2 protein chains.
Amino acid sequence: MTTALHTTAATQACCAPLVAAPLDPQDAEALARTLKALADPTRLRLLSLVAAHEGGEACVCDLTDPVGLSQPTVSHHLKVLVDAGLLTRDKRGVWAYYALVPGALDAVAAVLGTQLRR
Amino acid sequence: MTTALHTTAATQACCAPLVAAPLDPQDAEALARTLKALADPTRLRLLSLVAAHEGGEACVCDLTDPVGLSQPTVSHHLKVLVDAGLLTRDKRGVWAYYALVPGALDAVAAVLGTQLRR
DNA sequence: CGCAGACATCGACGATCGTCAATATCGACA
DNA sequence: TGTCGATATTGACGATCGTCGATGTCTGCG
């Protein structure tokens, strides 16, 4: 119950574009959970590091050095991003490879942006 | 020095689309500050309430009831959103009218989204 | 089997956050 | 001038967060 996975919020757009109509409390809570996962400089850097890495995936050992934090801390941030539905984890052998969930960031962007379209 | 205004982060896109190249620490910090302002269910509801209100603006008295929180708490959340460059405050007479900063949310969306464009 | 290495989990710490009641500030109006 | 009403600020509280060191888990290899 601590950090209930909510693979929903990011992958599927939760609601109308935010500016169109008042968000009901449930949608607001869901969106806020996803944004809370994004609202940390380290996690933003991890996302972009993963995305920019060759093959679109990276293991913890690739990330722990660029961000300059301890391995447990990096693992913790990655878990937050996975639980938020923004990253996938693929454990191959000893290594765990993280990659962006294809439409996740775009779904968040779509809810936030409005007069951008058209 | 507590919550230094950073009218920059939201209004002007801070950086490349996040997925293109590794975010440098400064840009990550700036983006995270803006996202942190958004990462609260009450503030998301306040944003959409303001946007959906007639004339695109609303005063505190219009908002304190729909969100069901005390007036000081609502004022505090509005201040956070103003400091983040997402809302403007226009005090006319006794009332303070809040409105969306035109391109702010779209700027955030543009940094987050990528394969959305085109 | 036993060791080494990659990663996850645990427990703890200071720091920040969301909320409230109490109080201060400021404009309108009699 | 003095009062009322709308909003902002202050101080305090419990809760959550980011970080670490220590430790647990699992895989590959000799």
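Everything quoted here is computed from the prediction, not taken from an experiment. Every heavy atom of this structure was used, including side-chain atoms; hydrogens, water molecules and symmetry mates were not. We name chains A, B, ... by the order of the sequence lines, and we start the count at 1 in each one.
Closest approach to the A:Ser75 side chain among D:dT7, D:dA8, C:dT9 is made by C:dT9 (side chain taken as heavy atoms from C-beta onward).
Hydrophobic clustering places B:Tyr98 together with B:Leu100 (ILVMFWY residues linked when any side-chain heavy atoms are closer than 4.5 Å, directly or through intermediates). Under the 4.5 Å side-chain heavy-atom criterion for grouping Ile, Leu, Val, Met, Phe, Trp and Tyr, B:Val82 is not connected to B:Val80 through any hydrophobic cluster.
Within 4.0 Å (heavy atoms only), B:Arg89 reaches sugar-phosphate atoms of the nucleic acid but no base atom. Contacts of B:Tyr98 with the nucleic acid, taken as non-hydrogen atoms under 4.0 Å apart, involve only primed sugar atoms and P, OP1 or OP2.
The two atoms that bring A:Gly85 and A:Ala104 nearest to each other are O-CB, 3.6 Å, heavy atoms only.
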Side-chain donor-acceptor contacts of residues 54-64 of chain A below 3.5 Å, not counting sequence neighbours, with atom names and distances?
residue, atom, partner, partner atom, Å
A:Glu57, OE2, A:Arg92, NH2, 2.8
A:Asp62, OD2, A:Cys59, N, 3.2
A:Thr64, OG1, A:Leu69, O, 3.1

Ignoring hydrogens and angles, write down the donor-acceptor pairs under 3.5 Å from the side chains of residues 24-31 of chain A, residues two or more places apart or on other chains.
residue, atom, partner, partner atom, Å
A:Asp24, OD2, A:Gln26, N, 3.3

Anything under 3.5 Å between a protein N or O and an N or O of nucleotides 11-14 of chain D, put it in a table, one pair a line.
none

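Place A:Lys36 and B:Trp95 on DNA chain D by their nearest nucleotides, and B:Trp95 ends up nearer the 5' end.
Within the helix from C:dC1-D:dG30 to C:dA30-D:dT1, the inter-axis angle between the opening and closing five-pair segments is 10°, rounded to 10°.
Regarding B:Asp83, its CG atom lies at a distance of 13 Å from the C1' atom of D:dA8, rounded to whole Å.
Between B:Arg43 and C:dG18 there is a side-chain polar atom (N or O) within less than 4.0 angstrom of OP1 or OP2.
A search for side-chain contact (heavy atoms from CB on, under 4.5 Å) contacts involving A:Pro72 returns A:Ser70, not counting sequence neighbours.
Among residues at least two apart or in separate chains, there is no salt bridge (charged side-chain N to carboxylate O under 4.0 Å, His left out) pair with a member in residues 34-45 of chain A.
Contacts between residues 52-62 of chain A and DNA chain D, defined by a heavy-atom separation under 4.0 Å, are absent.
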Problem set entry | Nucleotide-resolved protein contact map, nucleotides 19-26 of chain C, B/S/- at heavy-atom distance under 4.0 Å | BBBB----
